[in-house]
Amino acid sequence: MAMALSSSTITPTLKLSPPPTSQSARLLLRIPSNPNSAAPTSINKLLTAAPSDKWRLRISFFPAFLKKGKDVGALKEELLEAIAPLDRGAEATPEDQEMVDQISRKLEAVNPTKEPLKSDLLNGKWELIYTTSTSILQTERPKLLRSRTNYQGINVDTLRAQNMESWPFFNQVTANLKPLNTRKVAVQFDTFKILGLIPVKAPGRARGELEITYLDEELRISRGDKGNLFILKMIDPSYRVPV
């Protein structure tokens, strides 16, 4: 939002003169005769502020405006640093989970994409870098048998999604998305691919809901209907889910 500053407000002129004696000046300086009467409102103070005061009020807007973008970047950096040693969440203690959740909520509060399901930023291939979902992390398995990396592809135009595991099993699953509002979708899985090759029809109970709570060109935060937190980074915005 542009805001013009006139030269008179930027460099106020200091003028030495005797105290004002006019009726209007006396009204501005008059103390109410009733000591119990209300003090002047903040609006009245603003209207009667000296030029230099108005100048200070105007310029104080700019640091707050510029600080918002800086805060988002700092929060993202803090979040990435917090999850870096947690093996995508598999090594997270309850205290770690609470810390990551708190930072995520601060980012969600300044989400720059208010209607993510209408945004092209959602399209592409994302890498899961943190989650609280034990089924995705496969923490019940020995570490050598856990998927090393998990990806998710999303097509907003076709309302299709695809989850992909890396070595050692390369399992995949595709799903249809049904928007419930501009932030939340119902997810109905339709086909699993064992080892990325053998198709198996998904049971009807393989469904859920997912709300996208933060989205920009490089980071996405989502929350599932079972209370799980998902944090993903964009790795290929050109990727499209196969039909």
Side-chain angles (χ1 to χ4, degrees), residues 64-93 95-137 147-166 172-173 175 177 179-187 208-241:
F65 176 80
L66 296 174
K67 189 178 179 182
K68 183 176 180 181
K70 182 179 179 181
D71 284 347
V72 172
L75 284 171
K76 287 168 62 175
E77 183 177 351
E78 182 181 359
L79 181 62
L80 294 175
E81 289 178 354
I83 66 180
L86 302 180
D87 188 17
R88 299 178 303 144
E91 302 293 334
T93 65
E95 292 76 16
D96 292 328
Q97 291 181 344
E98 178 63 24
M99 177 179 61
V100 172
D101 186 78
Q102 288 180 1
I103 303 172
S104 297
R105 291 187 184 279
K106 291 178 182 179
L107 262 177
E108 290 166 335
V110 291
N111 179 21
T113 310
K114 303 305 180 184
E115 298 183 324
L117 290 177
K118 295 183 178 181
S119 174
D120 288 336
L121 293 176
L122 196 57
N123 288 322
K125 188 175 184 179
W126 299 81
E127 179 183 344
L128 182 70
I129 57 176
Y130 177 87
T131 185
T132 56
S133 171
T134 55
S135 62
I136 291 178
L137 293 172
S147 174
R148 293 291 183 269
T149 313
N150 293 73
Y151 303 100
Q152 185 177 73
I154 293 184
N155 278 31
V156 176
D157 51 349
T158 60
L159 292 175
R160 292 283 287 167
Q162 177 188 30
N163 292 344
M164 298 159 277
E165 295 180 358
S166 67
Q172 299 181 18
V173 61
L177 307 176
L180 301 177
N181 54 44
T182 57
R183 292 163 50 100
K184 183 184 286 188
V185 292
V187 183
E209 293 182 2
L210 191 70
E211 182 175 10
I212 302 160
T213 53
Y214 181 90
L215 176 67
D216 64 22
E217 65 279 359
E218 59 186 6
L219 190 72
R220 172 162 60 95
I221 301 175
S222 300
R223 294 183 182 268
D225 56 334
K226 295 181 180 179
N228 285 313
L229 175 65
F230 306 90
I231 302 175
L232 305 95
K233 67 177 181 180
M234 172 59 72
I235 60 170
D236 184 3
S238 66
Y239 182 83
R240 293 296 179 267
V241 178

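Sequence positions, counted from 1, serve as the residue numbers for this chain.
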Kindly compute the distance separating CG (Leu117) from NZ (Lys184), expressed to the nearest 0.5 Å. 11.5 Å
Nearest 0.5 angstrom please: Asn155 CG to Arg160 CZ, how far? 9.0 Å
What is the minimum heavy-atom distance between Val187 and Ala175, and which atoms define it? CG1-CB, 3.7 Å
Is any side-chain heavy atom of Val110 less than 4.5 Å from a side-chain heavy atom of Asp71? no
Heavy-atom check, side chain of Tyr130 versus side chain of Gln97, under 4.5 Å: yes
Nearest-0.5 Å distance that lies between atom CD1 in Ile212 and atom CD1 in Ile154: 5.5 Å
Which heavy atom of Pro116 sits nearest a heavy atom of Arg183, and at what distance? CD-CG, 3.8 Å
If we only count heavy atoms from C-beta on, is the Ser119 to Leu215 side-chain gap below 4.5 Å? yes
Candidates Leu232, Leu86, Leu80, Asn150 - the one meeting side chain to side chain contact (heavy atoms under 4.5 Å, CB included) with Ile129: Leu80
Does Glu218 pair with Lys76 as a salt bridge, N-O distance under 4.0 Å? yes
Report yes if the side chains of Leu128 and Gln152 come closer than 4.5 Å at any heavy-atom pair, otherwise no. no
Measuring from Phe230:CZ to Thr131:OG1, what's the distance to the nearest 0.5 Å? 4.0 Å
Judged by atom type as modelled, is there a donor-acceptor pair below 3.5 Å linking the side chain of Asp236 to the main-chain atoms of Lys125? no
Would you say that Tyr214 contacts Pro112 through its side chain, given a criterion of any heavy-atom pair below 4.5 Å between the two side chains? yes
Quick check against the 3.5 Å criterion: does Asp216 have a side-chain atom that pairs as donor or acceptor with the backbone of Thr113? no
Asn163 vs Ile136 side-chain heavy atoms within contact, under 4.5 Å: no
Give a yes or no on this: more than 12 heavy atoms of other residues, nucleotides or ligands lie within 6.0 Å of atom CG of Asp157. yes
To the closest 0.5 Å, what do you measure between CD1 (Ile83) and CD1 (Ile231)? 5.0 Å
Distance col, row Leu75:CG vs Leu107:CG, nearest 0.5 angstrom, shows 5.0 Å
Take a 6.0 Å sphere around NZ of Lys226 and say whether it holds more than 12 heavy atoms from other residues, nucleotides or ligands. no
Would you check if the side chain of Ser147 reaches a backbone N or O of Ser166 as a donor-acceptor pair within less than 3.5 Å? yes
Has the side chain of Asn123 got a donor or acceptor atom that lies under 3.5 Å from a matching backbone atom of Val156? yes
Please list, chain by chain and in numerical order, all residues satisfying side-chain contact (heavy atoms from CB on, under 4.5 Å) with Arg223, sequence neighbours excluded. Asp101, Ser104, Arg105, Glu108, Thr213, Leu229
Contact summary for Pro179 and Val185, nearest pair of heavy atoms: CA-CG1, 4.0 Å
Show the numbers, then the answer: is there a side-chain contact (heavy atoms from CB on, under 4.5 Å) between Glu217 and Met234? CA-CA 7 Å; Glu217 65 279 359; Met234 172 59 72; over 6 Å; no
So, the side chain of Thr182 versus the backbone of Glu115: is there a donor-acceptor pair under 3.5 Å, distance only? no
